[in-house]
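Notes follow once the structure below has been shown.
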Amino acid sequence: MSTYKSDFLNILSERGFIHQVSEPDLLDARAASGELTAYIGFDCTAASLHIGSLLPIMMLYWMQQTGHRPIALMGGGTTRVGDPSGKDESRRILTDEMINQNLAGIRAIFSKFLKFEGDGGNAIMANNADWLNTLNYIDFLRDVGRHFSVNRMLAFDSVKLRLERQQELSFLEFNYMILQAYDFVELNKRYGCALQMGGSDQWGNIVSGIDLGRRMNNAQLFALTAPLITTASGAKMGKTAAGAVWLNGDLVSPYDYWQYWRNTEDGDVSRFLRLFTTLPLAEIAKLAALQGAEINEAKKVLATEATALVHGRAAAEQAEATAKKTFEEGALAESLPTVEIPRGDLDAGIGVLVAFAEKTGLVSSNGDARRQIKAGGLKVNDAIVTDDKMSLSPKDLTPEGVIKLSLGKKKHVLLKPV
């Protein structure tokens, strides 16, 4: 493992954030000698960021913690185009109103990790719509476009892979790397930003920005990319059967978020503790040394620490307590996800397939529910369901006035008649 002079690169290196760095010695000297300004771009394609954005957010977090200035660049302008990197098809074009709504939701998440100007910190939230939306096309082609070689652009993975698969790449998306490169130059001009960070799939785009900065302004710019995270079994990070794991508590509850981390594969625990918590490395090393069933204790620490960063310490501890009550003590925890149903429906009787598939979404369809019943995977009030024609009625209500539905050991929903 490399030893750097700057705290910033040392921490990123020790915790596993570094995949590639351009001119590492020069960047290290720059970071060691004073405040460095760096940015990462985030497109506004949804109302929240998901776990896939957590790695770059943590890079900005550590940057600020080591005395530097992070810029979270919101892609209010580039979201109108869509990044082709790693995509087989064009992104849906969003209206400006939708983009602005998404921006508001994303801002709230960043404020949990970074201290912005006005809140006693130096972090900046910029929006590339401020300079991209007002560009004059002819001027832009003459001043910026002339520095780009189409031959070289065609060699970039984001373009080459799409063309090799004979997937259509629109001219709009082909321009994305030019706009991203221009963002870097603009942030350098406005804020003295010298470093762009991102996932390893962004290397080509970032290097284009370095090249453009040198050609247009003779600026010395740098690139740093992080590895793309997959789980030990090769699955994409942050994807579950239920969909993306969002960072917004209205979309994924703190309890479900805690559960996501609690279910981490054994082989990922140590790495995820380094990347997704702020625990000291010495403490992580002790947790990583746990073997056998004890590794579950490390998973609980990971779940609580990761949840505390996004949802606050109180919500994380409540999620942990709820899980303990539900799984270790077998009690009925009131803070489990609850679905309200009309009392009349229960009086008339609700088929067990309907309850699991339509009412709670614990399974994807009636057919899925039947398969789970055959495998002994569904429970009502902790009793295994054996009959797919079973009907739920008021007699199934617990003393707390709810019916507990479970899929396997870890997914539970309470049905509550109102």
Side-chain angles (χ1 to χ4, degrees), residues 1 12-19 49-59 61 86 199-201 225-247 251-311 315-317 319-324 326-328 336-337 362-364 368 371-372 375-378 406-412:
M1 197 176 278
L12 286 197
S13 173
E14 287 168 355
R15 297 187 87 98
F17 286 96
I18 298 180
H19 178 68
L49 297 174
H50 54 67
I51 275 184
S53 299
L54 208 48
L55 190 88
I57 293 172
M58 292 304 294
M59 292 166 83
Y61 167 85
S200 58
D201 60 338
T225 59
L228 291 180
I229 301 296
T230 53
T231 64
S233 62
K236 192 172 179 185
M237 172 84 189
K239 290 284 184 210
T240 66
V245 182
W246 300 102
L247 303 182
L251 298 173
V252 170
S253 71
Y255 176 80
D256 287 337
Y257 191 79
W258 189 94
Q259 280 296 335
Y260 172 81
W261 292 104
R262 168 64 182 82
N263 292 333
T264 294
E265 294 173 35
D266 292 2
D268 290 324
V269 175
S270 169
R271 183 170 54 129
F272 287 2
L273 280 164
R274 289 198 309 276
L275 293 172
F276 301 116
T277 79
T278 58
L279 289 175
L281 290 172
E283 199 173 324
I284 290 171
K286 283 182 197 161
L287 290 165
L290 296 174
Q291 296 294 322
E294 283 191 332
I295 201 163
N296 288 328
E297 295 309 311
K299 291 181 187 181
K300 288 177 201 168
V301 173
L302 167 63
T304 300
E305 293 301 317
T307 305
L309 282 176
V310 174
H311 296 294
E317 288 175 355
E320 183 175 11
T322 301
K324 188 166 191 236
T326 309
F327 305 127
E328 294 172 23
L336 279 176
L362 276 167
V363 295
S364 57
D368 188 15
R371 282 191 295 277
Q372 291 288 354
L378 301 187
S406 306
L407 168 62
K409 290 182 180 175
K410 294 179 179 175
K411 286 205 165 175
H412 310 271

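Along the sequence shown, the residues carry numbers beginning at 1.
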Query - Pairs involving residues 273-308, ordered by first then second residue, that meet ring-ring contact (aromatic ring centres under 6.0 Å, His included) (sequence neighbours left out) - result: Trp261-Phe276, Phe272-Phe276

Query raised in the report: Looking only at heavy atoms, which two atoms of Leu281 and Glu14 are closest? And how far apart?
Result: CD1-OE1, 3.5 Å

Report summary line: Closest heavy-atom pair, Pro227 versus Leu55, reported as atoms and distance to 0.1 Å, is O-CD2, 3.7 Å

Query raised in the report: Just how far is it from atom CD of Gln259 to atom OG1 of Thr322, taken to the nearest 0.5 Å?
Result: 9.5 Å

Query raised in the report: Which value, rounded to the nearest 0.5 Å, describes the distance between Arg262 atom CZ and Asn296 atom CG?
Result: 4.0 Å

**Report entry** Nearest atoms (heavy-atom pairs only) where Ala232 meets Arg271
**Finding:** N-NH2, 4.2 Å

Report summary line: Distance col, row Glu283:CD vs Thr278:OG1, nearest 0.5 angstrom, shows 9.5 Å

Query raised in the report: Does some side-chain heavy atom of Leu279 sit less than 4.5 Å from a side-chain heavy atom of Val301?
Result: yes

Report task. Determine whether Lys299 and Asn263 make a side-chain contact, defined as any pair of heavy atoms from C-beta on separated by less than 4.5 Å. Result -> no

Query raised in the report: Measuring from Gln372:CD to Leu407:CG, what's the distance to the nearest 0.5 Å?
Result: 5.0 Å

Report task. Starting at OG of Ser233, measure out to CG of Asp266 and round the result to the nearest 0.5 Å. Result -> 11.5 Å

**Report entry** Nearest-0.5 Å distance, CZ of residue Arg15 to CG of residue Leu273
**Finding:** 9.0 Å

Requested in this report: For residues Asp201 and Leu228, determine if any side-chain heavy atom of one lies less than 4.5 Å from a side-chain heavy atom of the other.
Outcome: yes

Query raised in the report: Is Lys300 paired with Glu297 through a side-chain N to carboxylate O contact shorter than 4.0 Å?
Result: yes

Query raised in the report: With a 3.5 Å cut-off and no angle check, do the side chains of Asp268 and Thr264 form a donor-acceptor pair?
Result: no

Report task. Would you indicate whether the side-chain heavy atoms of Tyr257 and Ile51 approach each other to under 4.5 Å? Result -> yes

Requested in this report: Starting from the C-alpha separation in whole Å, work towards a yes-or-no answer on side-chain contact (heavy atoms from CB on, under 4.5 Å) for Leu309 and Leu54.
Outcome: CA-CA 10 Å; Leu309 282 176; Leu54 208 48; over 6 Å; no

Query - Atom of Trp246, atom of Val252 and distance for their closest heavy-atom approach - result: N-CG2, 3.5 Å

Requested in this report: Of all the heavy-atom pairs spanning Trp258 and Ala323, show the shortest one and how long it is.
Outcome: CZ3-CB, 3.5 Å

Report summary line: Minimal heavy-atom distance between Leu247 and Val310, with the atoms involved, is O-CG1, 3.3 Å

**Report entry** Student check: side-chain heavy atoms of Ile284 and Thr277 closer than 4.5 Å
**Finding:** yes

